Structures are given as C-alpha cells and as structure tokens.
Chemist: 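This structure is in structure tokens; I'll ask about it shortly.
In this chain, numbering begins with 1 at the start of the sequence shown. Keep in mind that this is a model prediction, so the values were computed, not measured.
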Amino acid sequence: MAKLDFFSFGSKRQVHPLDDVKSINEWFAAVVRDFGTASHEKIVALLSQFNTDIEHPSIATLEAIIELDRLGHQQHEQLCAQYLASKLPAGLEAQHRAQILAYGRQFVAAFQRFTSFDPDGDEAVRMRLLLPQVVGKMLFYLTEYALWQYYRHASLEEVMWSNVNQLFRYAEEHAIDAVPLVLFPGVEPTTTHDLYLAFLMTSLLASGNLSFKQIRAAHQLALMLSNRMTLSRDFLGESSFMVNIHQARPAGRSQNVPQLKGVRVWSTAELIDQINIWLAVCDGGNTPAELRQFFSQGADPALLRFLVREWAVKPFRFERAVRVPVESKQLEVGRQFPTVHRLIREYEESVVQGTRSGDEAGNAEEAAEIRIYGFVSSRRREKPVVQDALVKSLVLPEFLLWDIENQSESGLGVSLPTQGAEWLALGALLATREAGQQPWGVSIVRRIKRIDKDRFYLGLQSLTQRPVAACTKHESGRNVDLTLPANMVWNQGEIALFVSVVLDGVKRNTLIIPIFGYASGKKLQMFAKNKGFLIALGRVLEKGSDWCQVEIELIKPL
C-alpha cells in the first residue's frame with residue numbers, strides 16, 4: 001500500500017500541510033481536486049498523522065487546523081446528512097458511521113493538544129485569543145458524538161461525561177465560557193456556555209422514545225433557546241435541573257440540590273414560555289416562522305408538547321401502569337404491515353375452519369363477529385381469490401422470538417439481540433402473542449434502548465388484542481389496482497386491519513391502512529368478517545413508516 005504523502009507540493013524543502021493557513025489551503029485544494037468526496041478520509045488521515053507524529057505544534061499549526069475544520073465542514077455535514085437520509089446495509093452503515101465519528105475524534109484530539117499552553121510563553125496572548133474557538137469546536141464534536149449515540153438509542157459512557165464536564169470546567173476557569181464565537185461561516189454566533197447547555201438539554205431526552213429526526217430537531221431547538229437559560233451557583237433561586245461539573249455524571253432534576261463546589265443549576269422557565277407561545281401559534285393552524293425549517297426536518301407540535309413535559313420547570317406528575325417482572329416467557333413477533341395482516345387473518349381462518357383445539361373451535365362464532373359501533377350489517381361471502389394463495393407462497397412463515405422482561409396493563413417490556421434488528425424503529429407495527437398462545441394482537445414500538453453493545457430493550461404498547469383482518473376497495477367497489485405487490489392484496493382489495501379503541505371514554509372505529517392510501521375524507525368500501533360498509537377516512541391517530549391508524553366514519557352498510 002502506498003504511503004500517504006502529506007508533504008511537498010513542488011517545493012524543494014518539505015512543508016507539512018499544517019505548517020500554516022496558506023499550506024493547508026494549498027493541500028486541501030489539491031486533495032479535493034485529486035480525491036473529490038474521498039477528501040473527507042484524507043482529512044482524518046492527516047489529523048491522525050499529526051496527533052501521532054508531530055510534537056510541540058505551534059500557534060500557526062493551530063490556525064491551520066481551525067482553517068482545515070472550516071474547509072472540511074460542508075463536506076462533513078453533507079456526509080452526515082446522506083447517511084441519515086438513506087438505509088444502508090449493516091456492514092456499509094458501520095463503515096460510514098465509523099468514518100464520521102473518526103473525523104470528529106481526530107479534531108478533538110488535535111484541539112486538545114493546545115489546551116495545555118504555557119501562560120507565560122511568547123505565544124500565550126495569541127493562544128488566549130484562539131482558546132474560545134478551541135474549546136467551542138471540541139464541544140461541537142463531542143456533542144456530535146453524543147447525538148450519534150442517541151440516534152442508535154445508546155447511552156453515553158462515564159468517560160464521555162467526564163470529558164464534557166471537564167471541558168466546561170476548563171472554560172469557566174479560563175473565563176471564556178461566555179465569550180462569543182462563530183464555529184463555522186454562516187452559523188449564528190454562540191458561546192461555550194450555550195453549547196454546553198444545549199448538550200445537557202438534549203441528554204435529558206435520551207430515554208429511547210424519540211426518532212433520530214426528532215432528536216436532531218430537539219437539539220437544534222435547544223441551541224436556539226439556550227440563551228434563555230443560565231448556569232448558576234445560586235441554589236436559593238428557582239431551578240429545574242442540575243449538573244456537577246466535577247463528576248462524570250449526566251444532568252438531572254434539581255431536587256434537594258447539594259451544596260457542592262461543582263454543582264451548577266438552571267431554570268427552564270423562559271424556555272418553556274417560548275415553546276408554549278409557539279404551540280399557541282400551531283394550535284391556531286399556523287407554523288411559527290422561526291420553526292419552519294425545523295418542521296420540514298422532523299419537528300412538529302407533538303414534539304413541542306413532548307419537550308414542554310420533559311423540560312418542564314418542575315417535573316410532571318403522571319401515573320404509569322405498574323410493571324410486573326416476568327421470567328421465562330417469550331413473545332412471538334411478526335413485523336411489517338403485510339406480515340402482520342397475514343398472521344391475523346390466518347389465525348381467524350383457522351378458528352372458523354375448526355383447525356384449532358376443541359375449546360377454540362367452540363368459540364369460532366365469537367371470533368367471527370366484528371363489533372362495529374353504530375351499525376349492524378348482514379353477512380356476505382367473498383369469493384375466494386388467487387392473490388391470497390400467492391401471498392402465502394411469497395412470504396416466510398417464520399416469526400421472531402423475543403424475551404419478555406416485564407408487563408403492564410398497557411404493554412410489554414422485551415429484550416432481544418441487536419444482531420439482525422437493524423430494521424427496528426420507533427412506531428414499528430408488530431403482530432404479537434405470547435409463545436404458546438393462539439390469538440395475535442397488534443403492538444407498536446414506543447421505546448428503544450440499547451442495553452449494551454449486543455442487546456436492545458423495547459417498550460411495546462398493546463394497541464389491541466382483538467384486531468380484525470379487513471380489506472378496502474374503491475368507493476365504487478372496483479377491485480384493487482393489480483400493480484400493487486401481491487402481499488398488499490387480499491380478497492381483491494387492499495389489506496387493512498379493523499381496530500376498535502376507546503378515546504376520551506368513547507368507543508371509536510379505526511382502521512389501520514397502508515400510509516400511501518390515506519387521504520382525509522376519502523371514501524372506501526371496507527370488508528371484514530363477511531360484512532361490508534361504505535366508510536370515510538377521518539383523522540390520523542397513529543402512523544409509522546408504512547402504515548397509519550385512522551378514525552373512520554361509517555356511512556352505510558353494504
């Protein structure tokens with residue numbers, strides 16, 4: 001393998017690219033010309049060589065590193081955006097992620113070398129002028145690392161908390177925590193104080209129930225609103241959260257704040273006031289002008305309400321369903337909407353045909369009933385179709401087995417290996433049943449938490465234990481478009497699940513349908529358990545990547 005040459009570009013004497021700003025600009029221009037997008041990796045290699053081989057770097061070298069950070073920032077941001085916007089194979093995903101994290105890690109290591117400068121040295125004055133940039137950029141890349149951990153539903157290690165808290169303590173000791181700085185061209189000025197507060201506020205959301213888009217949006221909102229909060233040593237005023245910058249621990253609620261040297265407290269009162277103002281605008285049917293960019297990137301009023309609760313001045317008090325530990329039980333799981341539909345309808349068909357045990361066969365009539373609130377309809381027999389047999393030949397009969405950790409009235413806590421679980425996402429729709437049991441229920445993934453490198457913990461909400469397989473057709477009764485995939489078609493209609501739910505104490509009729517088929521007010525013919533209705537689609541109650549649950553208005557029986 002050819003050895004990387006970071007040196008001469010035509011000069012007779014060897015010149016390192018990080019000698020000064022001019023040299024790094026020349027080096028970067030040549031690398032971009034020769035390697036294009038691969039120049040991102042060349043920057044990592046250059047910094048790695050600098051951190052390993054070069055001793056006693058000068059202030060001119062620091063200026064060159066800051067310039068290199070400026071030059072490579074746009075390409076780095078584009079690489080991050082491309083990664084998050086696409087679904088990659090596991091091996092390629094790990095490779096790209098490692099490349100992104102290596103970039104920030106090498107910059108942090110490079111900047112850290114300049115924090116131990118001689119306060120009485122010849123370059124001390126210039127160093128003090130650059131110090132806010134050094135600390136701010138280190139905190140920027142440490143935050144980036146933390147976000148990537150949260151994207152994967154993992155927690156931060158103690159060493160990470162030690163590094164971040166020590167860095168802010170360093171900024172305080174050198175009186176640069178409130179010095180304005182511009183990290184990159186075109187980015188709003190900030191301070192180390194505000195960057196640290198945004199880091200802490202985002203860490204409070206790492207409970208595993210936000211998608212990566214929501215986490216990104218929440219962090220951007222925390223950056224925007226960080227100037228509404230102030231870290232303080234005053235324990236007598238109203239405070240919402242606290243952190244000890246002398247410890248390797250995250251921030252938490254400031255209940256019974258200890259009078260320790262490293263403790264800092266802050267209030268979120270002004271921040272919550274601003275979010276509530278935005279929510280009032282949203283409730284009026286408009287989008288706040290300041291939030292239009294965030295709303296296009298994954299934020300919405302539901303996220304704002306979540307932040308109001310999680311960042312509240314005082315903790316919200318609400319009752320959770322009691323979780324009961326479970327031992328030696330497993331959960332059978334079917335994933336993806338077509339598979340969920342197939343498992344549910346196959347069970348219904350087997351009960352009606354009497355292929356189950358005697359007790360279940362005796363309950364066939366009950367299982368065949370569909371309880372639609374507001375209407376009674378006569379039965380009608382659908383003609384058998386070829387598509388259903390074709391679907392059975394196209395899909396695998398196997399399902400997943402997960403360990404049940406605990407259960408409550410609202411759902412289950414389960415654990416599973418991370419290997420093979422790359423498809424997992426918040427809002428995933430699942431067919432679930434306890435191993436050894438027969439009926440399938442429908443559950444939604446509400447929380448994902450990485451227990452360790454090899455295992456996930458999931459919080460599943462039970463949507464219903466009595467789903468009914470259904471199908472929908474055009475309002476006129478026309479059969480479904482034949483170009484649809486075979487596993488999306490049943491009884492010459494588009495697959496759906498009928499679910500009755502209780503909302504605000506009232507039983508409602510809802511339908512789970514493919515998300516691409518939804519339009520508010522759209523009229524459809526719905527068939528389930530040999531009954532037919534003309535319906536209109538109402539508001540969306542839940543949605544995932546490929547499905548949505550909508551209220552339905554029953555117009556008339558068919």
Chemist: Rounded at 0.5 Å granularity, tell me how far CZ in R323 sits from CG in N406.
Modeler: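 Reported value, rounded in 0.5 Å steps: 6.0 Å.
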
Chemist: Is there a side-chain contact between V414 and F456 (heavy atoms, below 4.5 Å)?
Modeler: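 Side-chain contact under 4.5 Å: no.
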
Chemist: Are K529 and E348 close enough for a salt bridge, meaning some N to O gap below 4.0 Å?
Modeler: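 Between E348 and K529 there is a salt bridge, with a charged N closer than 4.0 Å to a carboxylate O.
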
Chemist: Taking the six-membered ring for Trp, are W278 and F294 ring centroids under 6.0 Å apart?
Modeler: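 No, the ring centres sit 6.0 Å or more apart.
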
Chemist: Given the rule in the side-chain hydrogen bond (donor to acceptor under 3.5 Å, both in side chains) test, do S443 and Q461 qualify, once you have shown the distances and angles that lead to the verdict?
Modeler: CA-CA 5 Å; S443 299; Q461 178 190 352; over 6 Å; no

Chemist: About how many Å separate CG of D452 and OG of S155, when rounded to the nearest 0.5 Å?
Modeler: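 Between S155 OG and D452 CG, I get 11.0 Å after rounding to 0.5 Å.
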
Chemist: Going by side chain to side chain contact (heavy atoms under 4.5 Å, CB included), L430 matches just one of L331, V445, L400. Which one?
Modeler: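 Of L331, V445, L400, side chain to side chain contact (heavy atoms under 4.5 Å, CB included) with L430 is met by V445 alone.
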
Chemist: Show, in sequence, the C-alpha distance, side-chain angles and deciding distance for F184 and F140, and conclude whether the ring-ring contact (aromatic ring centres under 6.0 Å, His included) test is met.
Modeler: CA-CA 11 Å; F184 303 101; F140 172 85; 5.1 Å; yes

Chemist: Ring centroids only, cut at 6.0 angstrom: are F212 and Y150 within range, meaning strictly under it?
Modeler: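 They do not qualify: ring centres at least 6.0 Å apart.
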
Chemist: Looking at E542 and R446, is any side-chain nitrogen of the basic one under 4.0 Å from a carboxylate oxygen of the acidic one?
Modeler: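 E542 and R446: salt-bridged.
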
Chemist: Below 6.0 angstrom between ring centroids: does that apply to F306 and W311?
Modeler: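 Not under 6.0 Å, so no.
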
Chemist: Between R305 and D283, is there a side-chain N and carboxylate O pair less than 4.0 Å apart?
Modeler: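 Counted as a salt bridge, because a side-chain N and a carboxylate O are separated by less than 4.0 Å.
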
Chemist: Could you tell me if the ring centre of Y141 sits under 6.0 Å from that of Y145?
Modeler: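 No, the ring centres sit 6.0 Å or more apart.
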
Chemist: I need the Q437 CD to E332 CD distance, nearest 0.5 Å.
Modeler: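 Those atoms lie 9.0 Å apart.
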
Chemist: Could you walk me through whether Y457 and D403 pass the side-chain hydrogen bond (donor to acceptor under 3.5 Å, both in side chains) test, one step at a time?
Modeler: CA-CA 10 Å; Y457 173 84; D403 296 324; over 6 Å; no

Chemist: So does K329 pair up with E434, basic N to acidic O under 4.0 Å?
Modeler: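 So K329 pairs with E434 through a salt bridge.
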
Chemist: Backbone N or O of V499 within a donor-acceptor pair of the T510 side chain at under 3.5 Å?
Modeler: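 Yes, because the side chain of T510 sits within donor-acceptor range (under 3.5 Å) of the backbone of V499.
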
